[in-house]
Amino acid sequence: MKNLRSLSSYSLLKAVALSTTIGLAVGCQNLKDIQNIDPLRDVVFKLNYQPAKTQIQGLVVDARTGLPLQIPIQVYIVGKDAGRAITFDGKAISTYRAPKGDIFIGLTGAEPTRATPAELRIVVDADGYTASSMNLTLTRALNDPFTIRLVKFDAPPTGAASKALSTPTSASGVVTSPRVVEITTPASGSIAATQLSLSIPASTALKDSKGAPVTGNVTTSVVAFNGQSPEALQAFPGGLTAPVAKSAQGKTDAKGLFNPIGFVAIEMKNPAGQIVSTFSQPVTIQMSVPTTTFNPATGRPISVNDRLEVYSYNELTGAWTFEREVAVRQATNGLAVDVPITHLSYYSITTQRAAETCSITYTVRNLPTGTAYVYSLFRYDQGFGGTRQVVASQSSTDGRISFTVPAGNYELALYDPLDNTLLGSTRSTNPCGDIGVDVTIPTGQLKAAFTVRAVCENGKNFEVYPTVSVYYGETGKTPVAVATFENGKGILTGLKPNTSYTATVYYEGGYSVDFNSGTQDSEHLLEYVLKSYTQACKN
């Protein structure tokens, strides 16, 4: 039987006992009746199920709530190693529709290493949400899970604002009168409000990707993001370290770092679901530029005539591409830029991306094996006393973390994922190569050993012990700590005594168990249900 690794000794004894019973009954029963007896009817088979040695899991969450989406998502897998991708059922995939916001991907072939990493880009979309993506570099068999944040058009996160406007068109798809969508992102603390407008001139013909006119009352939905807002930047498609398909210098697959002034997601669709792709004449995006924004190219705050770069985002491939440069101008209420566009996409206006980058690898020292932490890489705009921007943030248990970034002032900070206590940090100017960072793990923390077991929805007599990611945190709070369990076994670390926690496994929805840490290390069980079409339940 495929993937059958072990049977419990109890199950084997049951099978022997049933066979003995059959032998004793031969003289008393009709042979035909005996043939109908299933000697394995009550035997439970135990499987250690792992479709591929290399695997990674991820969650697609609402950027405002942080909760996994409970609606179907469309997933596209692209990149150098996309041809090796398989599902939890072991089926080769390049695109599929997942019923909810959890993703499992296995890779066939050789296991990746730091010397020979695997590279994937996961692109996702869902009805009513902006599209987004994540660029993954896999360096080991079991990799840290990823999170992709999608923004709901009518409920954006802090630092973003949205608006929808009806745009009537003629029978030939021509806009009958000028349309302007104006949006202001709210101010928050030291973060100033920003303004954005989308202007569509009268007589503009709207066409879909096949060149056909888009007719009827077209709904124009716009989400504007404030480039100074950490919450808005968390939803930047692909992440701030996303490579670009083409840079301003003409390089392909160029590594680097985005420093967005702002970005905007635009969608235009008629009631029949037909989506606008191109315009017959330029449509203008106007975006305000905060005067406090630091320009790395000049070494001073942004001013009139500074050059900024415009990148467009392809929602199907997850790739950013350089479009043009624009000059900062003086507007009525401050500084602004004007961006003419002829195709519909998402757009980012950013300070100039550096042409040169280097690789940094941080080695985390004094980290007990399997201990979960959250890291954040910060960049400072004017030395370590300047404004600090989060470049990347993720939960991990890995002792080595790598980035490819331009020159600058960087700080890596590691935190306890359960209470956000700083575990250690290090600062470097223009770092390249290997850098060590020491952490101090608090004393008095507890562990919870868990067994994760899956049973089949169709009643098949299998118990499946998967290799899976387990998310955990204090009960009632969004879980941010993650541990990878192999063959259903693993340990949750960093627990405070006498505290209530929730552990969750995501498989087409969440399966959770609440437990109390008590006063000493403990053991628990988390069970979830596999759908009938899962390969492990078909054997």
Could you tell me whether the side chain of [X] and the main chain of [Y] form a donor-acceptor pair under 3.5 Å?
{"X": "N226", "Y": "A192", "result": "yes"}
{"X": "Y346", "Y": "W320", "result": "no"}
{"X": "S348", "Y": "F263", "result": "no"}
{"X": "T292", "Y": "P290", "result": "no"}
{"X": "S312", "Y": "S345", "result": "no"}
{"X": "D81", "Y": "E119", "result": "yes"}
{"X": "T475", "Y": "Y501", "result": "yes"}
{"X": "N143", "Y": "T139", "result": "yes"}
{"X": "D89", "Y": "K91", "result": "no"}
{"X": "Q57", "Y": "S469", "result": "yes"}

Check side-chain contact (heavy atoms from CB on, under 4.5 Å) between [X] and all other residues, then give those that pass, not counting sequence neighbours.
{"X": "A232", "answer": "F225, S229"}
{"X": "A63", "answer": "R149, V151, P157, A235"}
{"X": "P230", "answer": "I191"}
{"X": "T351", "answer": "N259, I261, N295, P296, I302, L308"}

Should [X] and [Y] count as an ion pair when the cut-off is N to O under 4.0 Å?
{"X": "E231", "Y": "R64", "result": "no"}
{"X": "R388", "Y": "E411", "result": "yes"}
{"X": "R97", "Y": "D125", "result": "no"}

Are side-chain N/O atoms of [X] and [Y] paired as donor and acceptor at under 3.5 Å?
{"X": "T371", "Y": "T493", "answer": "no"}
{"X": "T194", "Y": "S288", "answer": "no"}
{"X": "D208", "Y": "S277", "answer": "no"}

Contacts of D253 that satisfy salt bridge (Lys or Arg N to Asp or Glu O under 4.0 Å) - sequence neighbours left out | K255
Close side-chain approach of K496 to E474, heavy-atom, < 4.5 Å | yes
Among pairs that include at least one residue of residues 62-95, which meet ring pair (Phe, Tyr, Trp, His ring centres under 6.0 Å), considering only residues two or more places apart or in two chains?
-> Y49-F88, F88-F104, F88-Y507
Using the side-chain contact (heavy atoms from CB on, under 4.5 Å) definition, which of the options [options] pairs with [X]?
{"X": "I103", "options": "I73, L59, T87", "answer": "I73"}
{"X": "I401", "options": "T361, V437, V364", "answer": "V364"}
{"X": "F515", "options": "T502, L525, L526, L495", "answer": "L495"}

In terms of heavy-atom contacts, does [atom1] of [X] have more than 12 from other residues, nucleotides or ligands at under 6.0 Å?
{"X": "D127", "atom1": "CG", "result": "no"}
{"X": "K80", "atom1": "NZ", "result": "yes"}
{"X": "E523", "atom1": "CD", "result": "no"}

Could R453 and Y528 be counted as a cation-pi pair, given that NZ or CZ must be under 6.0 Å from the ring centre and within 45° of the axis?
-> no
